[in-house]
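Here's the structure, in structure tokens; my notes come after.
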Amino acid sequence: QVQLVESGGGLVQAGGSLRLSCAASGTSSSVYSNAWFRQAPGKQREFLGAISGSTNSTYYSDSVKGRFTISRNKAKNTVYLQMNSLKPEDTAVYLCAARNGLASARSDQYSYWGQGTQVTVSS
């Protein structure tokens, strides 16, 4: 069983940066692919990006490409989401997910989820 705990959310001004962390326990995160999603009130869950467990290759949605970066620290069993040039429309609950397989943009492909961390971007 994999447990995921996100941290690092908070309130930031537009144009600012935040780094979210997703700490995994229960297994070595390096065999799992991880993804970040976000969900704003009244909106569908949105895929942001993913990192492959086997190759550490990264993939991003067009909406965040160039602004957000996913990385992994295997020694700490932690995946990060570095968010730069934040906009008010980035306000949402950010969720980390994991699956034992290839990275995917589909939320239904992920078996494990964290509880989420709130990110609020003020204008």
Side-chain angles (χ1 to χ4, degrees):
Q1 187 75 10
V2 177
Q3 293 84 41
L4 303 174
V5 178
E6 301 99 332
S7 61
L11 175 64
V12 63
Q13 288 189 331
S17 298
L18 279 176
R19 189 179 78 157
L20 306 184
S21 300
C22 174
S25 60
T27 190
S28 170
S29 67
S30 64
V31 302
Y32 284 76
S33 293
N34 288 88
W36 286 94
F37 292 79
R38 67 185 178 191
Q39 189 156 20
K43 294 188 176 181
Q44 287 191 333
R45 189 164 292 184
E46 178 188 7
F47 170 78
L48 302 176
I51 183 166
S52 167
S54 56
T55 65
N56 270 353
S57 298
T58 53
Y59 313 88
Y60 299 96
S61 71
D62 288 341
S63 65
V64 302
K65 194 177 296 182
R67 295 192 301 128
F68 291 9
T69 303
I70 296 175
S71 61
R72 185 198 306 276
N73 183 321
K74 291 185 178 180
K76 294 185 177 181
N77 245 10
T78 300
V79 174
Y80 302 97
L81 179 66
Q82 176 68 44
M83 305 186 294
N84 299 327
S85 302
L86 284 163
K87 307 173 183 178
E89 51 263 44
D90 292 318
T91 295
V93 174
Y94 283 68
L95 301 121
C96 175
R99 70 185 301 260
N100 189 357
L102 297 175
S104 171
R106 291 175 49 180
S107 61
D108 62 354
Q109 295 293 307
Y110 290 86
S111 302
Y112 307 102
W113 291 84
Q115 81 290 349
T117 185
Q118 176 70 45
V119 171
T120 303
V121 184
S122 63
S123 56

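The basis for the numbers below is simple: all heavy atoms, side chains too, and nothing from hydrogens, waters or symmetry mates. Model, not experiment: these values are computed from the prediction.
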Thinking salt bridges, do Asp90 and Lys87 make one under a 4.0 Å N-O criterion?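 Not counted as a salt bridge, because no side-chain N and carboxylate O are separated by less than 4.0 Å.
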
Look up atom [atom1] in [X] and atom [atom2] in [Y], then write down how far apart they are to the nearest 0.5 Å.
X: Ser104; Y: Tyr59; atom1: OG; atom2: OH; value: 11.0 Å
X: Leu86; Y: Ser122; atom1: CG; atom2: OG; value: 10.0 Å
X: Met83; Y: Ile70; atom1: CE; atom2: CD1; value: 11.0 Å
X: Thr69; Y: Asn84; atom1: OG1; atom2: CG; value: 6.5 Å
X: Asn34; Y: Arg72; atom1: CG; atom2: CZ; value: 5.0 Å
X: Phe68; Y: Ser85; atom1: CZ; atom2: OG; value: 9.0 Å

Within one Ile-Leu-Val-Met-Phe-Trp-Tyr cluster: [X] and [Y], side-chain cutoff 4.5 Å:
X: Val12; Y: Leu81; result: yes
X: Val64; Y: Val79; result: yes
X: Tyr80; Y: Tyr32; result: no
X: Val2; Y: Leu95; result: no
X: Phe47; Y: Tyr60; result: no

For [Y], is there any backbone N or O sitting under 3.5 Å from a side-chain donor or acceptor partner on [X]?
X: Glu6; Y: Cys96; value: yes
X: Arg99; Y: Ala35; value: no
X: Ser33; Y: Ser52; value: no

Worksheet item: Is the CG atom of Leu11 crowded by more than 12 outside heavy atoms at less than 6.0 Å?
Response: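 More than 12 heavy atoms, drawn from other residues, nucleotides or ligands, come within 6.0 Å of this atom.
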
Under the criterion side-chain contact (heavy atoms from CB on, under 4.5 Å), I'd like the reasoning laid out for Val119 against Thr91: C-alpha separation, chi angles, the key distance, then a yes or no. CA-CA 5 Å; Val119 171; Thr91 295; 5.9 Å; no

Will you find, in the side chains of [X] and [Y], an N or O donor that is under 3.5 Å from an N or O acceptor?
X: Arg45; Y: Gln39; result: yes
X: Ser63; Y: Glu46; result: yes
X: Arg38; Y: Tyr94; result: yes
X: Ser25; Y: Gln3; result: yes

Taking it one step at a time, do Trp36 and Ile51 satisfy side-chain contact (heavy atoms from CB on, under 4.5 Å)? CA-CA 9 Å; Trp36 286 94; Ile51 183 166; over 6 Å; no

- Evaluate side chain to side chain donor-acceptor pair (under 3.5 Å) for Thr78 paired with Asn73, printing each intermediate quantity in order. CA-CA 5 Å; Thr78 300; Asn73 183 321; over 6 Å; no

- Query: Angle class for the Trp113/Phe37 ring planes (parallel below 30°, perpendicular above 60°, tilted otherwise)?
  - Reply: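 Trp113 vs Phe37 ring planes: tilted.
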
Provide the closest heavy-atom pair for [X] versus [Y] in the form atom of the first, atom of the second, distance.
X: Gly9; Y: Leu20; answer: N-CD2, 3.5 Å
X: Ser17; Y: Gln82; answer: CB-NE2, 3.9 Å
X: Ala24; Y: Leu4; answer: CB-CD2, 3.8 Å

